2 protein chains.
Amino acid sequence: MSRVIGGDTDAARIPEATVRRIQEAIKELGYVPNPTARKLRTGRNRLLGVHTFEAVFPRAREDFYFEFLLGIEERAEEIDHDLVLFTSTGGADGRRRVYRDGVNRLNVADGAVLLGVAADRAELARLEADGYPFVHIGRREVPGTRITCVVPDYESAAAAIVDRLADLGHTRVGYLSAGIDEESYADRRRGYESAVARRGLRDVSPAGPPGPGGVPDAAWLDRVADGALTAVVADAEWLAHPFAEALAARGLAVPRDVSVAVLEGVAADAPVRWDCLEIPRREVGRVAIDTLVGLLDEPGRDVTDVLVPCVVVEGETVAGVSEGSAG
Amino acid sequence: MSRVIGGDTDAARIPEATVRRIQEAIKELGYVPNPTARKLRTGRNRLLGVHTFEAVFPRAREDFYFEFLLGIEERAEEIDHDLVLFTSTGGADGRRRVYRDGVNRLNVADGAVLLGVAADRAELARLEADGYPFVHIGRREVPGTRITCVVPDYESAAAAIVDRLADLGHTRVGYLSAGIDEESYADRRRGYESAVARRGLRDVSPAGPPGPGGVPDAAWLDRVADGALTAVVADAEWLAHPFAEALAARGLAVPRDVSVAVLEGVAADAPVRWDCLEIPRREVGRVAIDTLVGLLDEPGRDVTDVLVPCVVVEGETVAGVSEGSAG
DNA sequence: TTGAAAGCGATACCAT
DNA sequence: ATGGTATCGCTTTCAA
């Protein structure tokens, strides 16, 4: 009977008469397979979990989760899976946790997509150790653990931007770091540095982290004003903006004297049309689902991080090297 | 052993030593209860389904689903349940269905909250017939079936607005109907009519449905211009607006000559600050969860529709009867 | 080809 | 007080 339900009719070579007989009986009795029992037996449910370390809907209007979820829902629907939203809070601290007094709550779903700005690395490690199939949106590195991440390809994007600067004739460039010790920032920096080396550019970045408000080191700014570099790449808009203002205070203009590119997405209606990245959040969500299902179909496979390309958006803050610039 | 896990330690009067012994064994072996098996056995999962007849996230920015989901997630989290988002589409037509070739897909969850502008009544009826525990947000009446709905209390709200008009001295009032044959509109109308009767007011509503663009019948408008009534209640803002403009064209002003109240929520930044309702969407979401869980805890209970009060928002379009009005 | 039976993991009841 | 066992509904294997 399961053979008929499972659709193995061809493989098992069941007489057509029998198939019809069973199908009629099914209709007659109003038989409905029980997904829970099915899951207990086969381990599959067509349920994919989504675990966010913060509440989703209250923030859905904001960009961070929303676009990811859009892609996740979209793709899940396409491949005929449902989504389990793990919402119930774990501890009294309000932070959401995967494990509630030792129990992995995600277990009802075949696997899960995890995301959140404040992912708990200990929980990720434990999840991996338990062999639970999951994918994390955004790179999270946990020593001694290989977790599968789906990540915007910041490294390539940063390199592409440096390449573009080099193509435009810039030879002395700098990097405005957010000073945040997080994987995605490390990715950007790595892309920048490898491209700088490859193109034989001179790196004239500020030494320390930015001051309060994202204002760079004054001494370094003076060097920039003296023409020490002609282009700058910034981790974030909140770094680029004070930088541009500091330049203006010293009589320099963007992009006339210094080109500036931002390594993150910038709202289309921002006051300055920065050259920036378009972070493919929706696509990342879709890819996360596909990666997760791949993991489920081939449990043994060792999946490395999946990179989703970023689009480089040309704005009004990058230009060719001006004639007047000191060599 | 289940006794210890289930926390029935007090009831079963198990020696403290044994409890500790088992708890240590649990930790030792890394035992983790399997929610699927649990569900199979007990029928409960702490999973609540959310079925929308359209995709949620793509519309999340819009008001319709968003506020409901906010309340749903919030309350589910509070009572320690997770949410299953039923996203996978049913047929090729793109419409989402509960039943996919006969299988009730909601069965993985203990029960479900259904919502959607285009709810499929046949599916609701079948769900009810199958004995699946669910709650519908918004009133849906299906002949021969009692489905539990959680609904904004439009009827009382409409009555309250009429009461307020009566208190302000209005004796001749009218109702601008959207002409939509839907339960929530019927609720509003019923509230209006019962209050009109109770307060002994004269009903001077237009005869037919509004014309294109929500413009009322011209003959009726002329009667209004002649002072046939002093207050109007409208199903929706798109009816109130053309009405006010038609009045203006006839030299009448709102609320000087005619008071107008709208029986739905109006955006706070709307050009006109209508007297209107505040539809408690978030609270409706919360109540839906509580009602559903109540249904699960007491399967036999026959729950009637649950009404969630609307707040009447005072704007600038309702005033007392002016002296000059014809008696 | 078809039917019978074992087992997935947890709970609840009935023996001990 | 504790250990054993039937049961939830399904899939899969093994016999007939």
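Computed from a predicted structure; not experimentally measured. The chains referred to below are lettered A, B, ... by the order of the sequence lines, with proteins before strands, and numbering in each begins at 1.
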Side chain to side chain donor-acceptor pair (under 3.5 Å) partners of residues 286-297 of chain A, not counting sequence neighbours, each pair once | A/Arg44-A/Asp297, A/Glu74-A/Arg286, A/Arg75-A/Asp290, A/Glu78-A/Arg286
Please give, in whole Å, the distance from D/dT11 P to A/Asn45 CG?
-> 12 Å
Looking only at atom types and distance, does a side-chain atom of A/Asp110 sit under 3.5 Å from a main-chain N or O of A/Arg46, one as donor and one as acceptor?
-> yes
Looking only at D/dC10, D/dC8, D/dT12, the nucleotide nearest the A/Pro33 side chain is D/dC10
Among C/dA10, D/dT12, C/dC8, which nucleotide sits nearest the side chain of A/Thr42?
-> D/dT12
Report, one line per pair, each donor and acceptor closer than 3.5 Å where one atom sits in a side chain of residues 127-134 of chain A; sequence neighbours left out.
residue  : atom : partner  : partner atom : Å
A/Asp130 : OD2  : A/Tyr99  : OH           : 2.6
A/Tyr132 : OH   : A/Leu106 : O            : 2.8
A/Tyr132 : OH   : A/Ala109 : O            : 3.4

Closest nucleotide among C/dA10, C/dC8, D/dC8 to the B/Ala37 side chain = C/dA10
To the nearest angstrom, the CG-P distance between B/Asn34 and D/dT7 comes to 21 Å
Any donor and acceptor pair, going by atom type alone, linking the side chain of B/Arg140 with main-chain N or O of B/Ile147 inside 3.5 Å?
-> no
Any B/Arg38 side-chain N or O less than 4.0 Å from OP1/OP2 of C/dT11 | yes
Gap between atoms CZ and P, on A/Arg41 and D/dT11 respectively (whole Å) = 9 Å
Rounded distance in Å - NZ (B/Lys39) to P (D/dC8) = 15 Å
CZ of B/Arg44 versus C1' of C/dG9: gap in Å, rounded?
-> 19 Å
